[in-house]
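Every chain is numbered from 1 and lettered A, B, ... according to where its sequence line falls, protein lines coming before strand lines. The model shown is predicted, which means the values in this text are computed figures rather than measured ones.
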There are 2 protein chains.
Amino acid sequence: MDAVRQINIDKRSATLQGVGGAAGGRPYDFLTDVLRMLGTTLTYRRNEEVFGEGEPSDYVYLVVTGSIRTYKLLADGRRQIAAFCLPGDIFGLDAGETHAFTAEAVERSRLVVTKRSTVLALARRDGAFAGELWQIAAAELERAQAQLLLLGRKNAQERVATFLLEMAERTASSDMIRLPMSRQDIADYLGLTIETVSRTISHLEHDATIALPKSRQIELRDKRALAQLNA
Amino acid sequence: MDAVRQINIDKRSATLQGVGGAAGGRPYDFLTDVLRMLGTTLTYRRNEEVFGEGEPSDYVYLVVTGSIRTYKLLADGRRQIAAFCLPGDIFGLDAGETHAFTAEAVERSRLVVTKRSTVLALARRDGAFAGELWQIAAAELERAQAQLLLLGRKNAQERVATFLLEMAERTASSDMIRLPMSRQDIADYLGLTIETVSRTISHLEHDATIALPKSRQIELRDKRALAQLNA
DNA sequence: CGGGATATTGATTGATTTCAATGTGAGTGG
DNA sequence: CCACTCACATTGAAATCAATCAATATCCCG
């Protein structure tokens, strides 16, 4: 645990009294730095499980490359994907002793892994850093709440439009987006079936709202129209 | 801010390294104590707004009596209720500077209100307390994720069964539950229409799974059957 | 150049929504 | 004390959106 001591605690950027809803940039730079410095890089194959629901939450993960899906299952196999984690995202930092969901690699992914206890030890010594853990959980909560609105109240077109805009925003390649996940993954994220997702995408293509040079590569041609559908 | 100093910081019960998924009891006793000691009690009338989405998050709330709904709206008025807050629950503790949702009193409610800045000041001086804020956000996140599964993948019967069991568990009056909220509120929480909720409840009544002496008072007669539907 | 997984498209079904009455109950005023 | 009223809840019939069932089509990948 001496490695912890070597981190310059004052070099953090987010603090407890800090912004939170900051305009640009990821507000968790300090934790990200910690993970990068102390963590071990692991590679996961496509569809490989990172951890399962109910397993002890011993590690915290930072996505370096690739993408991760987190999900819950019903007894009969119905699946709801809670989030896709993209490069720069942190996941697995549950407050409880066990993970509340399963995490799997969507595609071959490189993750930086650090012991949760290390992060907690650091947080115990630094209130501002502890505040960053809170900010992370709160940001995820806000995302989840937006997803509740989508799942509870939006129709298929609106869900797909919201998803495409979200992906465009997150990958920052604004207009041409690469989808690492299958249609089934998208369906399980949006609470639809694969057929409905496919049909809805086709419909948007006929509208010329989007173009799809390849099934997993989508060009947003009319963001205005998508935004209209978004809410 | 001197009042902060008077709190015995060592009298807390939840700490950063603390349990989280603890069996019984609410794990946020310290924050609850803080709010009770420092807060002002306010009463809200039925349907009165506590705060609106986008307003500055200046205060933190503890429900003493009554119940609160938190929700988001779409532009055309579709509403998704994210949570019902019951006595003992804390809400409004957003990490960001503005609230991500609206909060309203479902019925006449008494709340203890404390300045957010007070809570943050305390957290800055005490890492374990800061950890408690994290635990609260993480617990809410976990609840939201369970709700994602419900909204994305459960049918109407399963949603209602889950809701009834949840209410029974939370009010601890295990078998006879009082519903402070209208059918419309329940519908907007479960992502259904009022008619579907009503029909589903009627169906459960015909099954003798439940009995409803009054429309807002439900007796769970066959929890086994409900649990079956729950997942 | 297969071949298996992934994706699209079509036809049909079905659960939930929508539209439309009707019922019920708590509070009010005659 | 009872009729009235308004909000809330239930029930029924019809419409609709998405799911299901069923073929293809396409794309990687070896």
Side-chain angles (χ1 to χ4, degrees), chain A residues 45-47 67 69 74 76-81 106-108 150-164 177-207 210-218 229, chain B residues 45-47 69 74 76-80 106-108 150-164 177-207 210-218 229:
Chain A
R45 294 184 308 277
R46 196 169 107 92
N47 296 326
S67 41
R69 59 177 169 255
L74 288 174
D76 62 2
R78 280 173 287 174
R79 182 178 69 157
Q80 179 62 44
I81 292 179
V106 169
E107 58 188 328
R108 167 174 278 270
L150 178 142
L151 293 173
R153 291 298 177 219
K154 290 187 183 178
N155 65 29
Q157 250 200 341
E158 293 166 333
R159 292 181 199 202
V160 170
T162 301
F163 172 71
L164 293 177
I177 59 188
R178 184 189 72 92
L179 300 177
M181 69 292 286
S182 69
R183 293 290 190 267
Q184 185 62 64
D185 283 339
I186 298 172
D188 286 349
Y189 178 61
L190 298 180
L192 299 170
T193 61
I194 185 175
E195 293 96 330
T196 299
V197 169
S198 191
R199 268 187 260 272
T200 305
I201 288 176
S202 296
H203 182 238
L204 290 171
E205 190 190 12
H206 295 147
D207 280 3
I210 63 173
L212 43 166
K214 310 175 70 176
S215 79
R216 296 195 182 192
Q217 190 173 337
I218 298 191
L229 287 171
Chain B
R45 293 185 308 278
R46 196 169 106 91
N47 295 325
R69 59 177 169 255
L74 288 175
D76 63 2
R78 280 173 287 175
R79 181 178 70 158
Q80 179 62 43
V106 170
E107 58 188 329
R108 166 174 280 270
L150 178 144
L151 293 173
R153 290 300 178 217
K154 290 187 185 180
N155 65 29
Q157 248 201 342
E158 292 165 335
R159 292 181 199 202
V160 171
T162 302
F163 172 71
L164 293 177
I177 58 188
R178 183 188 73 93
L179 300 177
M181 69 292 285
S182 69
R183 294 289 189 265
Q184 186 62 64
D185 284 338
I186 297 172
D188 286 349
Y189 179 61
L190 298 179
L192 300 170
T193 60
I194 185 175
E195 295 95 331
T196 299
V197 169
S198 192
R199 269 188 260 273
T200 305
I201 288 177
S202 295
H203 182 237
L204 289 172
E205 190 190 11
H206 294 148
D207 280 3
I210 63 173
L212 43 166
K214 308 174 71 178
S215 78
R216 297 196 181 192
Q217 189 172 337
I218 298 191
L229 286 171

Exactly one of A:Arg69, A:Arg183, A:Arg159, A:Arg79 clears salt bridge (charged side-chain N to carboxylate O under 4.0 Å, His left out) with A:Asp188, and that residue is A:Arg79

OP1 or OP2 of C:dA26 sitting under 4.0 Å from any side-chain N/O of B:Lys214?
yes

Between A:Asn155 (CG) and C:dT18 (P), how many Å, whole number?
11 Å

Between the side-chain atoms of B:Arg216 and the base atoms of D:dT10, is any donor-acceptor pair under 3.5 Å?
no

Can you find a side chain N or O atom of B:Ser215 that sits less than 4.0 Å from OP1 or OP2 on C:dG25?
no

Closest to the side chain of B:Thr193, out of D:dT10, C:dA7, C:dT17, is C:dT17

Using only atom types and a distance under 3.5 Å, with no angle test, would you say the side chain of B:Arg216 pairs donor to acceptor with the backbone of B:Pro180?
yes

Of the listed nucleotides D:dA18, D:dT10, C:dT6, the one nearest the side chain of A:Arg46
C:dT6

Sidechain-backbone polar pair: A:Arg153 side chain, B:Leu192 backbone, donor-acceptor under 3.5 Å:
yes

B:Glu195 side chain: which of D:dG12, D:dT20, C:dT16 is closest?
D:dG12

Would you kindly give the NE2-to-C1' distance between B:His203 and D:dG12, to the nearest whole Å?
16 Å

Winner on side-chain proximity to A:Thr196, out of D:dA19, C:dA7, D:dT20, is D:dA19

Strictly below 4.0 Å: does A:Ser182 bring a side-chain N or O up to OP1 or OP2 of C:dA5?
no

From C:dT6, D:dT20, C:dT8, nucleotide with atom closest to A:Leu212 side chain
C:dT8

Whole-Å distance, A:Asp185 CG to C:dT6 C1', equals 12 Å

With a 4.0 Å limit, can you tell me whether B:Arg183 has a side-chain N or O closer than that to the phosphate oxygens OP1/OP2 of D:dT10?
yes

Closest to the B:Ser198 side chain, choosing from C:dT8, C:dA7, D:dT10:
D:dT10

Measure from CD on B:Gln184 to C1' on C:dT18 and round the result to the nearest Å.
13 Å

